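Right, one structure below, let's go through it.
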Amino acid sequence: MTTTWVAAFRSAVIDPSQLSFNQPLSFTGMTLRQILHLDGGGTTLRVRLSNRYGTDPLSVAAARVAVRPAGGRGGEIDPETDTGLRFDGRDGTTVPAGGEVVSDPVELAVEAGTDLVLSLYLPEKTGLATFSHQPAETGYVVEGDAVSATTLPGAREVGARFYVTGVDVLAPEGTTVAVAFGDSWFEGVGTTTGANRRSPNLLNRRLERGWVVNQGIAGNRLLADGIGEHALARFERDVLQVPGVSHVLVNFGINDLGLPGMWGQPPVTAGELVAGFTELARRSHEAGLRILVATIGPFADSTYPGLDSPEVREIRRTVNEWIRGTDVFDGVFDVAEAVQDPERPDHLRAEFDSGDHTHLNDAGAQAMAETVDLGLLKL
């Protein structure tokens with residue numbers, strides 16, 4: 001059987017020196033253990049480490065992967081699966097400032113839904129770490145080199161993911177993936193931490209073949225930098241460079257509308273959002289990808305001061321009417337219709353509200369996942 005490299009996991013990263021919704025961290029003489037819930041599987045894997053926003057080289061003295069046992073807690077690993085990562089044949093690596101490295105392939109068969117545990121020993125002061133700030137997953141930090149420890153008693157828990165941007169697997173040739181490209185409604189804010197109830201996870205459970213990898217960034221915008229590079233700026237890296245990509249699922253707009261109000265600035269116009277979505281469609285089709293776009297979900301009475309206003313409600317409705325009626329995309333998934341309160345369509349339904357009137361809970365993420373027409377997502 002002929003195989004090819006395909007993305008099995010992705011984690012979009014941001015600059016720790018800029019805006020975020022989580023505390024940036026640095027590490028010195030520590031082991032960092034992280035849980036990577038794989039969207040797809042294969043016979044062999046490789047791991048991608050990034051120092052994209054680092055100002056100094058990143059020294060990684062040791063790196064290992066293992067499978068988290070069924071029912072495993074915290075940073076526990078199955079020691080029988082513990083496998084060292086090598087880089088150009090060496091046990092450790094130095095990731096240049098602004099750079100990325102890919103590990104040598106290791107034979108470790110994994111399936112979709114596997115919790116892969118990545119352990120990194122960082123012996124030298126790292127500076128603020130390139131990170132994913134709201135991954136809905138817990139990481140673990142201990143002093144010293146504990147990359148092969150079965151458990152990490154007394155580990156400090158952290159609510160972000162650091163330095164890792166992806167896992168690729170060798171899968172049968174022809175395996176394709178979709179990229180969930182968007183904001184917190186993809187990254188999983190509001191869903192249960194560690195339960196893998198993000199909407200892309202739940203969509204994967206509906207698929208019979210292929211899978212979806214998650215490139216959501218909480219707070220990310222279609223048109224302007226702020227929390228992460230804006231969508232049009234990161235599209236090449238976070239979508240087109242994903243191995244095996246054939247489709248892109250897009251969910252943007254809430255932050256373009258609401259974040260300016262939190263900062264005392266005017267929101268974008270409906271025309272500006274339409275132009276941005278149209279440009280994403282153009283770039284997707286130019287690259288041979290199919291693009292499916294979500295309507296912008298409701299967030300009236302958001303608990304975040306300044307996010308909601310009568311003006312942004314009207315712009316959201318206008319853009320959603322255009323999304324539903326345009327032919328520039330290959331498909332639309334009507335998230336707004338699925339999760340809005342039928343009596344108050346600018347508001348989330350109470351049963352889907354995580355509590356801040358802005359983000360979806362587990363049930364809301366399920367409803368979002370069910371809006372995607374699998375007939376349009378032909379992986």
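What you see below is based on every heavy atom in this structure, not just the backbone, and it leaves out hydrogens, waters and symmetry mates. In this text the structure is predicted, and so the values were computed from the model without any measurement.
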Tell me whether [Y] is reachable from [X] by hopping between hydrophobic residues (I, L, V, M, F, W, Y) whose side-chain heavy atoms are closer than 4.5 Å.
X	Y	value
Ile315	Leu223	yes
Val189	Met262	no
Val250	Met368	yes
Val268	Leu307	yes
Ile35	Trp211	no

What are the two closest non-hydrogen atoms of [X] and [Y], and how far apart are they?
X	Y	result
Ala66	Asp78	CB-O, 4.2 Å
Thr358	Thr303	OG1-N, 4.3 Å
Ile227	Asn220	O-ND2, 3.0 Å
Ala338	Ala367	CB-O, 4.3 Å
Arg197	Thr191	O-CG2, 3.5 Å
Gly226	Leu19	O-CB, 3.8 Å

Quick one: [atom1] on [X] to [atom2] on [Y], what's the gap to the nearest 0.5 Å?
X	Y	atom1	atom2	answer
Leu292	Asn251	CG	CG	12.0 Å
Arg68	Glu76	CZ	CD	8.0 Å
Leu360	Gln366	CG	CD	11.5 Å
Leu128	Phe162	CG	CZ	10.0 Å
Asn361	Asp356	CG	CG	10.0 Å
Ile14	Ser132	CD1	OG	8.0 Å

Should the pair [X]-[Y] be classified as a salt bridge under the 4.0 Å nitrogen-to-oxygen rule?
X	Y	value
Glu137	Arg161	no
Asp168	Arg46	yes
Arg316	Asp346	yes
Arg317	Glu314	yes
Arg90	Asp104	no
Asp82	Arg64	yes

Should the heavy atoms of other residues, nucleotides or ligands under 6.0 Å from CD of Glu111 be counted, would the total exceed 12?
no
Does CD in Gln23 sit with more than 12 non-hydrogen atoms of other residues, nucleotides or ligands closer than 6.0 Å?
no
Any side-chain heavy atom of [X] within less than 4.5 Å of one from [Y]?
X	Y	value
Val117	Val67	no
Leu249	Leu377	yes
Ile254	Ile296	yes
Leu116	Leu45	yes
Val141	Arg156	yes
Val101	Val60	no
Gln241	Glu236	yes
Leu170	Trp5	yes

Please test Tyr304 against Trp263 for ring-ring contact (aromatic ring centres under 6.0 Å, His included), starting from the C-alpha separation and ending with a verdict.
CA-CA 11 Å; Tyr304 303 100; Trp263 301 328; over 10 Å; no
Under 6.0 Å between ring centres: does that hold for Phe181 and Phe252?
yes
Do [X] and [Y] have a side chain donor and acceptor closer than 3.5 Å?
X	Y	answer
Arg206	Asn204	no
Asp334	Thr295	yes
Ser50	Thr130	no
Ser20	Asn22	no
Asp308	Ser302	no
Asp330	His285	yes

Would Thr126 and Asp56 satisfy side-chain contact (heavy atoms from CB on, under 4.5 Å), going step by step from the backbone distance to the final call?
CA-CA 7 Å; Thr126 63; Asp56 296 299; over 6 Å; no
Any side-chain to backbone donor/acceptor pair from [X] onto [Y]? Under 3.5 Å, distance only.
X	Y	value
Ser103	Val47	yes
His347	Asp301	no
Trp185	Gly216	no
Asn214	Phe186	yes
Arg349	Asp353	no
Ser354	His359	yes
Arg198	Pro135	yes
Arg290	Gly331	no

For the pair Leu85 and Val65, evaluate side-chain contact (heavy atoms from CB on, under 4.5 Å) and give the outcome as yes or no after the intermediate values.
CA-CA 7 Å; Leu85 293 179; Val65 289; 4.0 Å; yes
May I ask you to decide if the ring planes of Phe329 and Trp322 are parallel, tilted or perpendicular, using 30° and 60° as cut-offs?
perpendicular
Could you walk me through whether Arg86 and Asp91 pass salt bridge (Lys or Arg N to Asp or Glu O under 4.0 Å), step by step?
CA-CA 5 Å; Arg86 298 176 72 84; Asp91 287 336; 2.5 Å; yes
Does the pair Val239 and Gln215 meet the rule for a side-chain contact (heavy atoms from CB on, under 4.5 Å), with working shown?
CA-CA 8 Å; Val239 177; Gln215 293 279 43; 5.8 Å; no
For side-chain contact (heavy atoms from CB on, under 4.5 Å), just list the numbers for Val102 and Arg48, CA-CA rounded to whole Å, side-chain angles, deciding distance to a tenth of an Å, and then say yes or no.
CA-CA 5 Å; Val102 182; Arg48 296 177 177 270; 3.6 Å; yes
